[in-house]
Structure formats: structure tokens, C-alpha cells
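What follows is one structure encoded as C-alpha cells, with my remarks underneath.
Keep in mind that this is a model prediction, so the values were computed, not measured. We name chains A, B, ... by the order of the sequence lines, and we start the count at 1 in each one.
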Protein chains: 2
Amino acid sequence: MILKSQVEWALHCCAILAGLPEGRYLSTKALAELHGLPKEYLSKALQSLSQASLVETTLGPSGGYRLARAPSEVNFLEIVEAVEGKARSFTCTNIRENNPCRPAGYCDSKPCAVARIMWEADEAWRETLRRVRLSDLVGTLSEEVPPDIWRDTFEWVLKRAG
Amino acid sequence: MILKSQVEWALHCCAILAGLPEGRYLSTKALAELHGLPKEYLSKALQSLSQASLVETTLGPSGGYRLARAPSEVNFLEIVEAVEGKARSFTCTNIRENNPCRPAGYCDSKPCAVARIMWEADEAWRETLRRVRLSDLVGTLSEEVPPDIWRDTFEWVLKRAG
DNA sequence: GAATTAAGGATATATGTTATCCGCAAATGG
DNA sequence: CCATTTGCGGATAACATATATCCTTAATTC
């Protein structure tokens with residue numbers, strides 16, 4: 001059970017977009033170069049963010065992506081689910097129905113007890129991600145990334161932002 | 001990010017083994033029939049439980065599996081990790097290192113901030129599973145499964161338990 | 001009008017899951 | 001001792017998904 005690498009990419013890209021000045025866009029090309037990622041494939045992850053309305057796009061030179069909302073209004077789960085999908089990690093195939101001792105046509109009143117527990121854990125995972133805002137990540141990064149690297153990176157970004 | 005179906009199988013099998021009288025064993029064949037699962041492949045899940053020392057085995061006719069510990073001493077996470085592995089669902093590939101603005105050879109003091117958040121969610125998932133004991137599942141099942149089905153099932157099981 | 005961009009379809013490759021089959025060694029019961 | 005049954009592990013195949021690339025189209029900029 002491993003998350004797509006696009007999840008990691010999307011989160012890092014959102015962190016960069018969060019630092020972009022109002023009204024400016026950053027292209028797939030720039031985001032791919034900055035993170036050392038395959039441009040064409042990263043594009044798929046960004047398209048997922050676009051379909052989830054987390055980012056806005058514009059075409060042409062100086063076009064690209066920007067956040068659709070303030071970083072404090074975007075949480076981790078939204079980004080993760082945009083790329084990974086909203087399906088639960090545990091899928092119940094109702095194998096209890098195969099029990100030869102069950103009367104034919106018997107109908108369960110509740111979902112399987114095993115599934116309920118697994119889904120509870122899944123929800124705990126989601127709730128943790130829901131509680132973390134994109135602005136929290138940016139705050140942590142601005143504290144931990146050495147100031148000169150932080151500055152150079154955004155100079156680099158601004159040079160490429162339309 | 002979807003768990004192996006073997007996780008579901010292992011949990012249901014452990015629930016059955018938990019109801020087995022002291023000192024008796026239940027074979028792969030019986031567990032596969034009871035749940036309507038492919039015997040050969042279910043065997044792999046049971047082997048995982050065996051390697052994790054969650055179950056004990058014995059060979060020959062009337063052989064099979066039994067729990068290595070009391071159901072109250074086994075939690076969900078142990079079973080899940082036995083078949084799914086202990087690897088975290090999020091793998092950090094450290095794409096921040098590809099940042100062209102980083103000085104060559106610069107070394108990070110902490111793991112990536114993105115990874116730390118994703119790992120925190122992963123831990124919340126694990127902690128939820130860690131808190132649920134196998135005996136809790138059996139308790140829920142004994143309340144929810146209709147008494148006649150419950151009784152018939154364990155009669156069926158005992159007829160096949162060595 | 002030329003260049004650049006996002007979007008999406010088609011396709012190829014790699015990896016992982018699901019599933020089956022086989023041989024081996026251990027245990028059972030006759 | 002012998003036939004049967006069992007768990008175990010290796011080998012292999014079928015299938016699904018993730019990863020990656022290429023191409024066309026339409027919109028936008030300069």
C-alpha cells in the first residue's frame with residue numbers, strides 16, 4: 001500500500017505556488033526543473049490539482065498554475081485526494097457472505113465489522129491530513145530551510161513566473 | 001493506495017482462529033472453504049501470519065493453524081503489518097535535493113517537512129489499528145452475527161479442526 | 001503569425017498484485 | 001513402514017496499476 005509519487009510532487013508544487021505573489025503563474029516546466037521531475041508526467045499531477053479546483057491555470061507564454069485559494073484555506077487531504085483519489089484504502093469484499101453456514105439470501109444489517117475497523121483507521125489518517133493546512137507547511141519550511149536557499153529559490157521562481 | 005486483499009482474509013481468518021478451542025488447529029483448506037477463497041493463495045497470507053509469529057502451525061492430517069497468543073494479546077496492526085509489511089505508505093524521495101538553488105553537498109538537518117506530515121498521518125492510521133484487539137473484533141461479531149449462524153459456523157469449524 | 005502553454009488521448013514500460021502449480025519435509029494414522 | 005495430509009517456499013503466469021513519454025488541440029501572449 002504505497003501512495004503515488006505524484007502525491008509527493010503535488011504537495012511540493014503547492015508549497016511553491018503558495019509563495020507565489022498574487023496573480024502570477026508558474027509553468028509545469030519551471031516546477032519540473034525546480035524539483036528535478038519528468039515534466040510530462042508531473043503535468044498529470046498538476047492536471048489532477050486543476051480538476052479538483054485547487055489551482056487555476058492560464059495558457060500561453062507566461063501561463064501556468066497558481067493556487068485557487070489562500071494557503072490557509074487548503075488542507076493536505078484535499079491535495080492528496082486530488083491525486084490519489086478518495087477511495088478508502090481498505091475494500092471490503094464481504095467474504096462473510098461466502099460462509100456455507102449462512103442461510104441463502106440472508107442480508108446483513110450492518111457493514112462487516114472488520115471493514116468498520118479498517119475504515120475507522122482510514123478516517124484517522126484522513127483526519128490528520130485534513131487538520132494540516134498548506135500554510136502550516138509553508139510556515140515550517142520558512143523556519144527550517146536556510147534563509148539564503150529560501151531566498152534564492154524564490155528569486156529563481158519569480159524569474160520564471162508569468 | 002489500496003491494501004492487499006490478503007489483509008482482509010487474514011483478519012477474518014484470525015477471527016475464526018480466535019474461536020478455536022485450546023490446542024486445536026484449523027487447516028488452510030477449511031479456512032478457504034469457509035470464506036470462499038482460493039486455497040493456494042490464502043496459504044500465502046497464512047504463511048505471513050506464521051512468519052510474524054502470530055500463529056503456530058503443525059503438519060500432517062489434523063494439522064493447520066492456531067493463534068500463538070490469546071486474542072486479547074493480538075492487535076489489528078500486527079495482523080495488517082504481517083501481510084502488508086511495515087513500510088510507511090508515503091515514501092519520501094527527497095526531491096528538495098534537486099533544487100538547483102541548493103549549494104552542492106548541502107545536508108538537511110531534518111527529514112523533509114512534507115514527509116513528516118505524511119508520516120504523522122500514517123502513524124495515526126497505525127495507532128488506530130494498534131488500539132483494536134482481536135478480542136474486540138470477536139466481541140463485536142458475537143453480538144452482531146445472528147446466534148444460529150454463529151453456532152452453525154463453529155460447529156462447521158470444529159468438524160474440520162484437528 | 002510564431003512561440004508557449006495546459007489539457008487530454010494514446011501508448012509503452014516497469015512494478016506489484018493475484019493466482020496457480022510443484023516439490024519438499026514433517027506429522028498422522030494405519 | 002507406507003500412504004495421506006499438511007505447511008512451506010520457489011517458480012511462473014495473468015492481470016492491474018503506476019510510471020513515463022509522445023502527440024494533437026485549443027487558448028494565450030507578444
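If you check D:dC30, C:dT28, D:dT19 against the side chain of A:Y41, the one that comes closest is D:dT19. For A:Y65, counting side-chain heavy atoms from C-beta on, the closest listed nucleotide (C:dA3, C:dA19, C:dA6) is C:dA6. Of the listed nucleotides (D:dA18, D:dC8, D:dT4), D:dT4 has the atom at the smallest distance from the side chain of B:P61. Here the side chain of B:S27 is nearest to one of D:dT6, C:dA19, C:dA10, namely D:dT6. The side chain of B:P38 approaches C:dT20 more closely than any other nucleotide in the set D:dA26, C:dT20, C:dT17.
At whole-Å resolution of the value, CD in A:E40 and C1' in D:dT24 are 12 Å apart. What separates CE of B:M1 from P of D:dT17 is a distance of 15 Å, to the nearest Å. Here the P atom of nucleotide D:dT6 and the CD atom of B:E33 are 10 Å apart, to the nearest Å. Atom CG in A:L59 sits roughly 13 Å away from atom P in D:dC30 (whole-Å rounding). As a whole-Å value, the separation of A:L17 CG from C:dA6 C1' is 14 Å. Rounded to whole angstrom, the span from the CG atom of B:L42 across to the P atom of D:dT6 amounts to 14 Å.
Taking only side-chain nitrogens and oxygens, B:S5 never comes nearer than 4.0 Å to OP1 or OP2 of C:dT17. Between D:dG7 and B:T58, no contact under 4.0 Å exists linking OP1 or OP2 to a side-chain N or O. A close approach under 4.0 Å does occur between a side-chain nitrogen or oxygen of B:T57 and OP1 or OP2 of D:dC8. Proximity of B:Q6 to the phosphate of C:dA19: no side-chain N or O atom is located under 4.0 Å from OP1 or OP2.
Within 4.0 Å (heavy atoms only), A:T28 reaches sugar-phosphate atoms of the nucleic acid but no base atom. At a threshold of 4.0 angstrom between heavy atoms, the contacts of B:G64 are confined to the sugar-phosphate backbone, with no base atom among them. Backbone-only contact: A:Q51 has heavy atoms under 4.0 Å from sugar-phosphate atoms and none from a base.
Shown here is A:R102, whose CZ atom has more than 12 heavy atoms of other residues, nucleotides or ligands within 6.0 Å.
Salt bridge annotation for B:R160-B:E155: absent, with no cationic side-chain nitrogen under 4.0 angstrom from a carboxylate oxygen. A salt bridge links A:E123 to A:R130: one of the charged nitrogens lies within less than 4.0 Å of a carboxylate oxygen. By the 4.0 Å N-to-carboxylate-O rule, A:D148 lies too far from A:R151 to be salt-bridged with it.
B:L34 CG to B:C13 SG: the interatomic distance, rounded to the nearest 0.5 Å, is 8.0 Å.
Annotation: of the two residues near DNA chain C, A:L46 and B:W9, the 5′-most nearest-nucleotide partner is A:L46.
For B:K44 against D:dG7, a side-chain-to-base donor-acceptor contact under 3.5 Å is absent.
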